[in-house]
Protein chains: 2
Amino acid sequence: MKHNGKTNPPGRVKIMKSFSALMKKKDFHSITTAEIAGNAKVTEGLIYKYFKDKKELLYQVLNEYFFEFLVKIEDRVANEKTCVDKLSVVIFSSLESYADNRVFSKILLLEVRNSLEFFNSCAYGRVRKYAGTILGIIEDGIQKKELKPDTDPYLLRKVILGAIEHACLGEIIFGRELDIEQVSSGIVNIVFNGVKA
Amino acid sequence: MKHNGKTNPPGRVKIMKSFSALMKKKDFHSITTAEIAGNAKVTEGLIYKYFKDKKELLYQVLNEYFFEFLVKIEDRVANEKTCVDKLSVVIFSSLESYADNRVFSKILLLEVRNSLEFFNSCAYGRVRKYAGTILGIIEDGIQKKELKPDTDPYLLRKVILGAIEHACLGEIIFGRELDIEQVSSGIVNIVFNGVKA
DNA sequence: TTTGTAAGTAAGCGTTACTTACCGACGCAA
DNA sequence: TTGCGTCGGTAAGTAACGCTTACTTACAAA
């Protein structure tokens, strides 16, 4: 019997919470299904009632976190007027979410990209929404002449996303603290004004 | 019996080549030791004569590729005089290597970072060397007033590395072509001059 | 009362990464 | 030339893993 997704039974919630807790301490591959089930106090078989396989559990957990992430970003962006302010908010909020929810950032930055299956998941759909929002802001900024007219919007998005991710990568991998304010304003300054004297 | 590293027997070479070939088509987790051995025409046990485990094989393959990568980068950087030119060469050469050797970039960007073991490997030592070179160029550029005096060298390095990686990430994941020249000059332009009108 | 279905269990399945014990060939010193 | 250690490689396992199957229980609607 398969789960049709219309309900959210306690077993399913327990499995996701258990997995999420384990992801705080270990990497995906070294977490076993026995561990997930034992920690959730359900049997191993139940995992496969709600999730096609172990990876889908990973994607669904990411999907839930990404939903909250998206809501926060979209909400904050809507409060800003200029392109520069909107992008600054994107950079700050992304860093904040990555710093605050280490499981979220670990999954998104370290665990899902190695498998092509991810790119067919709901979670990846949300990633595309996030990316689409940023692209929209950039294109609007070029049109309104806030950004240089020869800016390649796709490349600028890549640079911004890459800067955000790499700026907190070490901190996420090694579990260190992150000074969001400083890193965020530093990235904003480099990307908007450049570093050449 | 363990391998002491003084020799490089044909079996070891065959295993690494076989694994590398498989990494062209599949991700690390879905490659089995049976597949590696079968493809290399050796027995499965021989893998564990030369490599502690499957992950160490991954790290050693990366280590070999990173060696060539480092040589090329260091060599080209030495031919440039200004900080901007040196960093431009770093950006171009990194993108070029990532585009030319997809197995190398797949391993480095998608497969090793999820496990802390990697950060004790020789390959990671080479990553640090690469990162150290970039930091040196930046610090030199600040000192020689080519770069703005308030630049945070560590953050600038992160932005550059993040930009490089994210700029080719999609192409690496989905096996698409990459216009190195265009992407490279685009990143250089954004990072040095900024995008604000 | 019956029927259908969702939630959950128990036990097993084939594969996987990895281990152990062994083999033959070669170098080399006694 | 015999004995011995080492190196490259093999064969045959083993425990544990991800996942499947068949089953049970609870309960709501007809």
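Naming convention: chains lettered A, B, ... in sequence-line order (proteins, then strands); numbering from 1 in each chain. Everything numeric here is computed off the predicted structure, so don't read it as measured data.
Between Tyr98(A) and Phe104(A), the angle of the ring planes lies from 30° to 60°, which puts this pair in the tilted group. Taking the six-membered ring where tryptophan is involved, the planes of Phe66(A) and Tyr130(A) are perpendicular, since the angle between them exceeds 60° and thus also 30°. Between Phe119(A) and Phe174(B), the ring planes lie perpendicular to each other; the angle is over 60°, past the 30° to 60° tilted range.
Judged as a side-chain hydrogen bond (donor to acceptor under 3.5 Å, both in side chains), and not counting sequence neighbours, the contacts of Arg76(A) are Ser93(A), Glu96(A).
By the 6.0 Å and 45° rule, Lys54(A) stacks over the aromatic ring of Phe28(A).
Between the NZ atom of Lys49(B) and the P atom of dT20(C) there is a distance of 12 Å, given to the nearest Å. If you take CG of Asn8(B) and P of dC7(D), they are 14 Å apart, rounded to a whole angstrom. In this structure, CD of Glu56(A) is placed 15 Å from C1' of dG18(D), rounded to the nearest angstrom. One can place CG of Leu46(A) at 16 Å from P of dG18(D), the figure rounded to the nearest angstrom. In this structure, NZ of Lys41(A) is placed 13 Å from P of dT9(C), rounded to the nearest angstrom. The interatomic distance linking Ile36(A) (CD1) with dG18(D) (C1') rounds to 10 Å, in whole Å.
Over its full length, the helix from dT1(C)-dA30(D) to dA30(C)-dT1(D) turns its helical axis through 10°, comparing axes from the five pairs at each end and rounding to 10°.
Other residues sharing a hydrophobic cluster with Val13(B) under the 4.5 Å side-chain heavy-atom criterion for ILVMFWY residues do not exist; the residue is a singleton.
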For a quick test of your reading: what N or O donor-acceptor pairs under 3.5 Å do the side chains of residues 183-197 of chain B make, sequence neighbours left out?
unit_1	atom_1	unit_2	atom_2	d
Ser185(B)	OG	Glu181(B)	O	3.1
Ser185(B)	OG	Gln182(B)	O	3.2
Asn189(B)	OD1	Asn193(B)	ND2	2.7

- Task: Spell out protein contact along nucleotides 13-19 of chain C as letters: B when the base is contacted, S when just the sugar-phosphate is, - when no protein heavy atom is under 4.0 Å; keep the 5' to 3' order.
- Result: ---SBBB

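With respect to the salt-bridge test (charged N to carboxylate O, under 4.0 angstrom), the residues Glu146(A) and Lys86(A) do not qualify. Between Lys144(B) and Asp140(B) there is a salt bridge, with a side-chain nitrogen of the basic residue lying less than 4.0 Å from a carboxylate oxygen of the acidic one. Taking a cutoff of 4.0 Å between a charged side-chain nitrogen and a carboxylate oxygen, Glu165(A) and Arg113(B) do not qualify as a salt bridge.
Near DNA chain D, defined here as any heavy-atom distance below 4.0 Å, there are no residues from residues 110-120 of chain A.
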- Do Glu35(B) and Lys25(B) pass the salt bridge (charged side-chain N to carboxylate O under 4.0 Å, His left out) test, and can you show the C-alpha distance, the side-chain angles, and the key distance before you say yes or no? CA-CA 13 Å; Glu35(B) 216 173 351; Lys25(B) 307 166 209 158; over 6 Å; no

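Contact check, Tyr50(B) against dG9(D): a side-chain N or O comes under 4.0 Å of OP1 or OP2.
Across all strands shown, Phe51(B) has no heavy atoms under 4.0 Å from either base or sugar-phosphate atoms.
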